[in-house]
Number of protein chains: 2
Amino acid sequence: MMSLQVTFHQVAPGSYSDMRSRKKARTRLAIQDAALDLFADQGYDETTVEQIALRADVSASTFFRYFGSKADIILNDYDSQLGQLCAAVRDQPLEIRDLEAVRRALQATWVPYVDPVRTIRTERAVARSAFLCGVAYNIGRGWMDAVAAALVERRGDPDALEECLLIARTALGVFGGATEQWVSSEAKEDFGALIDQGFEMLQRMCRG
Amino acid sequence: MMSLQVTFHQVAPGSYSDMRSRKKARTRLAIQDAALDLFADQGYDETTVEQIALRADVSASTFFRYFGSKADIILNDYDSQLGQLCAAVRDQPLEIRDLEAVRRALQATWVPYVDPVRTIRTERAVARSAFLCGVAYNIGRGWMDAVAAALVERRGDPDALEECLLIARTALGVFGGATEQWVSSEAKEDFGALIDQGFEMLQRMCRG
DNA sequence: ATCAAATTGACAGTTGACTATCAACTGACA
DNA sequence: TGTCAGTTGATAGTCAACTGTCAATTTGAT
C-alpha cells in the first residue's frame with residue numbers, strides 16, 4: 001500500500017534533547033494540529049497546504065520539509081499503541097475465549113488513553129473526506145491483521161489464521177461502532193461501557 | 001458526504017432510446033472500463049485523465065463532459081442491487097434470526113449476480129489507493145445503514161436500531177472477509193460456500 | 001438534401017500540490 | 001564573539017486536475 005507508507009522525510013524521530021530538536025517537534029505538532037482543525041472544519045480536499053502553513057505560522061516550503069505530502073500529516077504512527085494492544089491480547093490467560101481476550105485487551109490498553117477532543121476532531125475530519133476514510137480504513141485493517149496474528153500466537157495454532165481474522169474483524173467492528181456512538185454523544189457517555197455493551201449485544205445476537 | 005455524491009453532470013440517466021443516447025451510454029461505459037483497467041494496473045493516483053481518455057478513444061474535454069471529476073468514475077450506483085438486498089431481508093420470515101436473515105438475503109440477491117472479473121479488477125484497484133478505499137468504505141457504510149433499517153422494519157421495533165446496526169455491521173464484515181478470500185483465490189472457490197463458512201465461524205466464535 | 005441542435009476536440013487558462021534553489025537567519029560550540 | 005551547520009522563507013517552475021470557449025463534426029427531423 002504505497003500511498004500509506006509513513007515517510008518521515010527529513011525530520012528524524014527521537015533524540016529530542018537539544019533546543020533545536022525540541023523546536024522541530026513543536027513545529028511538527030503545530031502543523032499537524034492546524035491541519036486537523038482545518039480538515040475537521042472545511043474538509044481535506046477543501047484545505048490547501050498554504051492555509052495549513054499560514055495557521056501553523058510557517059511557510060509552505062517549511063511545511064513540505066516536515067511532511068512529504070499533505071496526506072502524510074494524518075499517517076500517524078499508532079504503532080506503539082497497537083503493539084501494546086497486541087501484547088495485551090497475547091497475555092490473556094488461555095482459558096478465556098478469543099473475543100473476550102480482545103475485549104479485555106481493548107479495555108486495558110486503549111480505553112484509558114483516548115483523548116476525547118482529538119478523537120472527535122479526527123472523526124469529523126474523516127467523515128468529510130473519502131481519502132481520509134481510506135486512510136482510516138487501512139489503519140483499521142492493519143489493526144485487524146496484527147490482532148489476528150496475536151490471537152494465533154496466543155493459541156499456538158497457525159492453522160487458525162482465517163478464524164482469528166474473522167474474530168479480529170468482528171471485535172474491531174464492535175469497537176468501531178462503540179467509538180461512533182461515543183463520538184456522536186460528544187464523549188458524554190462512558191466509552192468503556194459502550195464497548196462492553198457492544199460485546200454483550202454481539203453475544204446475544206449470535207445465540208438467538 | 002460531499003465528495004461521495006454521485007453527480008451525473010451533463011449526462012441524464014434513463015431514456016436511452018434513440019441512437020444518440022445509446023451512443024452516450026456506450027461512451028460512458030467505455031470510459032469507466034478504461035479507467036478501472038488503468039486503476040487496477042497502475043493505481044488511481046498514478047493514472048491521469050489523459051490516459052483514461054486516450055484508452056477510451058475520446059478527448060480529455062469529452063471525459064469531463066461525462067464525469068464531473070476523476071473520482072466520479074467509480075461512484076457507481078449500486079442502488080438497485082442494494083434495494084433488492086434490503087427487500088429480501090425484509091421478506092425473510094420472522095421466526096428466522098436477524099443474522100440468518102441477512103445471510104439468506106445475501107445468498108439470494110447478491111451471490112448469484114457477482115461478476116468475478118469485474119470484482120477482481122475493482123478489488124485490485126481499491127487495494128492500491130487510499131482514496132478508493134474510502135469510497136469503498138463509504139459504500140459499505142451505506143449498505144450497513146440500509147440493511148439495519150430493513151432489519152428494524154422487519155422486526156417492527158424502532159428501538160432496536162443500535163442492535164440492528166451491529167448485526168448489519170457484523171454480517172457485512174463476514175461478507176467482506178468472504179469476498180476477500182474469494183478474490184484472493186481468483187474466484188476459484190465457491191463464493192456462496194465461503195460466505196456460509198464465515199457465518200458458521202461467527203456462530204462458533206460466539207458460543208465457544 | 002438540408003437545417004438546427006447536440007456532441008465533440010482543440011486550445012488557452014486557472015488552481016493547487018509538490019520540487020529545486022538560494023540567500024538570510026538561528027542556535028550550538030569553541 | 002565568531003564560525004558553521006542546520007533551518008527557514010522567498011521565488012520560480014513542473015505537473016495534472018479541472019474550466020471555459022469556439023469552431024468543426026455528427027445526428028435527428030423535415
Side-chain angles (χ1 to χ4, degrees), chain A residues 2-3 5 7-31 34-35 38-39 42-75 129-132 135, chain B residues 2-3 5 7-12 15-31 34-35 38-39 42-75 129-132 135:
Chain A
M2 189 124 340
S3 50
Q5 250 162 18
T7 58
F8 275 101
H9 215 54
Q10 308 187 10
V11 183
S15 86
Y16 294 117
S17 48
D18 50 357
M19 162 133 261
R20 220 164 229 167
S21 302
R22 254 177 293 130
K23 190 174 179 186
K24 276 208 290 194
R26 223 182 316 131
T27 305
R28 195 185 161 83
L29 267 183
I31 293 175
L38 288 169
F39 291 167
Q42 323 174 341
Y44 178 83
D45 290 330
E46 290 73 21
T47 302
T48 71
V49 167
E50 205 134 348
Q51 289 176 318
I52 299 171
L54 192 70
R55 180 182 264 242
D57 268 317
V58 294
S59 71
S61 316
T62 298
F63 173 91
F64 283 109
R65 284 198 187 91
Y66 279 83
F67 296 94
S69 75
K70 189 171 140 187
D72 268 9
I73 302 172
I74 33 139
L75 303 178
S129 150
F131 173 75
L132 292 189
V135 171
Chain B
M2 188 121 344
S3 51
Q5 248 162 19
T7 57
F8 273 103
H9 214 53
Q10 309 187 7
V11 182
S15 88
Y16 291 117
S17 49
D18 50 358
M19 162 129 260
R20 221 164 231 170
S21 304
R22 253 177 294 134
K23 189 174 180 183
K24 277 209 285 195
R26 223 181 315 129
T27 304
R28 194 184 161 84
L29 265 184
I31 294 175
L38 288 169
F39 291 167
Q42 322 177 340
Y44 178 83
D45 290 331
E46 290 73 20
T47 302
T48 71
V49 168
E50 205 134 348
Q51 289 177 318
I52 299 170
L54 192 70
R55 182 184 265 242
D57 268 317
V58 294
S59 71
S61 317
T62 299
F63 173 92
F64 283 108
R65 286 199 185 90
Y66 279 83
F67 297 93
S69 76
K70 190 171 141 188
D72 269 8
I73 301 172
I74 34 139
L75 304 177
S129 150
F131 173 75
L132 293 189
V135 171

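Chain letters run A, B, ... following the sequence lines, proteins first and then strands; every chain starts at 1.
- With sequence neighbours left out, A:Gln42 forms a side-chain contact (heavy atoms from CB on, under 4.5 Å) with A:Leu38, A:Glu46, A:Thr47, A:Gln51.
- Once rounded to the nearest 0.5 Å, the distance linking OG1 of B:Thr48 with CG of B:Leu54 reads 8.5 Å.
- Heavy atoms only, all atoms of each residue included: A:Tyr66 and A:Arg28 are closest at O-NH1, 3.4 Å.
- A:Arg28 has its CZ atom 14 Å from the P atom of D:dT7, to the nearest Å.
- Near DNA chain D, meaning a heavy atom under 4.0 Å from it, residues 51-58 of chain B has no residue at all.
- Here B:Leu132 contributes atom CG and B:Ile73 contributes atom CD1; the two are 9.5 Å apart, rounded to the nearest 0.5 Å.
- Contacts of B:Val49 classified as side-chain contact (heavy atoms from CB on, under 4.5 Å), with partners at least two apart in sequence or in another chain: B:Phe63, B:Phe64, B:Lys70.
- Here the closest non-hydrogen pair linking A:Ala34 and A:Ile52 is CB-O, 4.0 Å.
- Nucleotide D:dG6 holds its C1' atom 16 Å from the CZ atom of A:Arg22, rounded to whole Å.
- Following rounding to the nearest Å, A:Ile73 (CD1) and C:dA17 (C1') show an atom-to-atom distance of 12 Å.
- Here the P atom of nucleotide D:dA16 and the CG atom of B:Leu38 are 14 Å apart, to the nearest Å.
- Among residues two or more places apart in sequence or in another chain, the side chain to side chain donor-acceptor pair (under 3.5 Å) test is passed with A:Arg26 by none.
- Remark: C1' of C:dT15 and CG of A:Asp45 are 14 Å apart, rounded to the nearest angstrom.
- Straight-line distance from the NZ atom of B:Lys24 to the P atom of C:dA6: 10 Å, rounded to whole Å.
- Nucleotide C:dA10 holds its P atom 17 Å from the CZ atom of B:Phe63, rounded to whole Å.
- Put simply, B:Tyr66 has no side-chain N or O that comes within less than 4.0 Å of OP1 or OP2 on C:dT7.
- When ring centroids are compared, B:Tyr44 and B:Phe39 come within the 6.0 Å threshold.
- Here the P atom of nucleotide C:dG16 and the NZ atom of A:Lys70 are 10 Å apart, to the nearest Å.
- Shown here are the side chain to side chain donor-acceptor pair (under 3.5 Å) partners of B:Thr27, two or more places apart in sequence or in another chain: there are none.
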Using nucleotides 21-27 of chain C, report all nitrogen or oxygen pairs with the protein that are shorter than 3.5 Å.
{"residue": "C:dT26", "atom": "O2", "partner": "A:Arg20", "partner atom": "NH2", "Å": "3.0"}
{"residue": "C:dG27", "atom": "N3", "partner": "A:Arg20", "partner atom": "NH2", "Å": "3.2"}

